[in-house]
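Following this message is one structure expressed as structure tokens.
Just follow the structure's listing: the first ligand is 1, and inside any ligand the first atom is 1. Small disclaimer: the values here were computed from a predicted structure and weren't measured.
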Amino acid sequence: MAEITLDKLAHSYLPAPKTDADFALKEIDHVWSDGGAYALLGPSGCGKTTLLNIISGLLVPSKGNVLFDGKDVTELQPEDRNIAQVFQFPVIYDTMTVRENLAFPLVNRGVATDEITKRVNDMIGILDLGAKADRKARDLTADEKQKISLGRGLVRYDVNAILFDEPLTVIDPHMKWQLRTKLKELHRQLGHTMIYVTHDQTEALTFADKVVVMFEGEVVQIGTPEELFDEPAHTFVGYFIGSPGMNILPCDVSGGVARVGSQDIPLNKGYSGLTGKIELGIRPEFVSLGAGKNGMPIQVKSVEDIGRFKIVHAQLEGYPVSAMLPEGSSVPADATAYFDTSRINLYRDSHLVRGEAAS
Ligand code: ATP
């Protein structure tokens with residue numbers, strides 16, 4: 001296991017990049033802790049695979065260095081980095097049995113036979129493949145084959161890191177949940193440094209201690225699931241995390257008050273001299289409804305019933321706003337909205353601004 005340092009890393013696929021837009025990965029400078037579980041999360045094309053490939057050694061970055069436990073590995077080939085990789089589609093030997101497939105990475109590294117038998121048996125148990133252990137891999141389903149791929153990554157105890165590139169894509173939804181939980185459990189048990197690429201927020205939030213959110217080639221936030229929920233550092237994080245995402249409303253701010261259209265919304269912090277594009281962010285969970293003259297007038301467009309909650313989609317001063325209400329709440333015809341002041345975030349040019357505590 002290793003601490004991974006990303007030292008002023010950036011990558012462009014162009015031979016002579018000039019502007020920021022020419023970089024598929026904009027500069028990232030960060031240390032990922034030994035034994036941490038990280039998820040790289042973001043939409044298609046945001047640079048997740050580029051970053052993963054730089055860490056695995058499939059790609060040499062245009063700028064900066066990668067260090068494993070302080071040792072510069074930027075120019076090393078993947079096979080010289082002592083990492084395990086699990087890809088989107090199973091990488092296994094069809095003519096070998098499940099047991100032989102799992103043993104293969106260990107046989108290759110000259111691990112003692114007794115130790116191999118023990119670890120392979122453990123892994124077969126963990127992956128619930130006992131009934132199929134002596135079957136040829138070609139006879140298994142796509143789910144089972146991908147389980148073997150996961151097992152081949154996890155069976156090695158000595159790796160610097162295990163990298164997963166959307167490993168659950170071919171797995172059916174029910175099994176996805178089981179395998180994700182299993183991976184989390186294994187991370188706790190074995191303590192490997194794990195990096196998991198996904199565009200699915202549920203996968204990222206349930207697997208990772210720290211989620212690395214990427215947007216247009218930039219790492220916009222590295223945080224715990226709670227941090228991403230409570231204080232998104234960028235409006236993209238607010239919008240991408242959560243279902244529905246954070247409400248983002250253009251506003252002006254003067255002292256401790258934000259003005260959205262003709263509505264004055266009190267803030268519990270002071271913000272002085274804000275310039276640029278200013279927006280107010282509030283999650284649907286912290287918007288409540290009133291009626292009549294109390295609160296801000298809204299026009300309700302639709303109500304979604306999702307079991308434990310109702311999601312109300314409305315317009316406030318011409319801007320879309322969602323509210324998440326407990327099951328059984330009523331939605332008055334003349335509905336108004338309230339924002340929980342303590343849960344309001346302010347953004348300047350899409351980035352979070354921390355106000356000064358009110359005196
Ligand atoms: P996906 O989820 O679709 O795999 P991603 O977040 O992993 O996307 P990358 O594959 O890292 O994103 O791509 C980032 C950007 O770099 C994209 O604009 C992509 O078109 C570009 N890109 C990726 N690989 C290459 C390449 N080999 N040559 C040129 N451009 C590339």
message: Given a heavy-atom cut-off of 4.0 Å, could you list the residues near ligand 1 in chain and number order?
response: Tyr13, Ala24, Pro43, Ser44, Gly45, Cys46, Gly47, Lys48, Thr49, Thr50
- request: Could you grab the distance from atom NE2 of His174 to atom CG of Asp143, nearest 0.5 Å is fine?
  value: 10.5 Å
message: Enumerate the ring-ring contact (aromatic ring centres under 6.0 Å, His included) contacts for residues 101-155, please, sequence neighbours excluded, ordered by first and then second residue.
response: Tyr93-Phe104
message: I need the full list of salt bridge (Lys or Arg N to Asp or Glu O under 4.0 Å) pairs touching residues 55-78, with sequence neighbours left out, sorted by first then second residue.
response: none
message: How long is the straight-line distance from CD1 of Ile171 back to CD of Gln88, given to the nearest 0.5 Å?
response: 11.5 Å
statement: Interatomic distance, CG@Asn65 vs OG1@Thr74, rounded to 0.5 Å, equals 4.0 Å
task: Under the side-chain hydrogen bond (donor to acceptor under 3.5 Å, both in side chains) rule, collect the residues that match up with Asp252, sequence neighbours excluded.
output: none
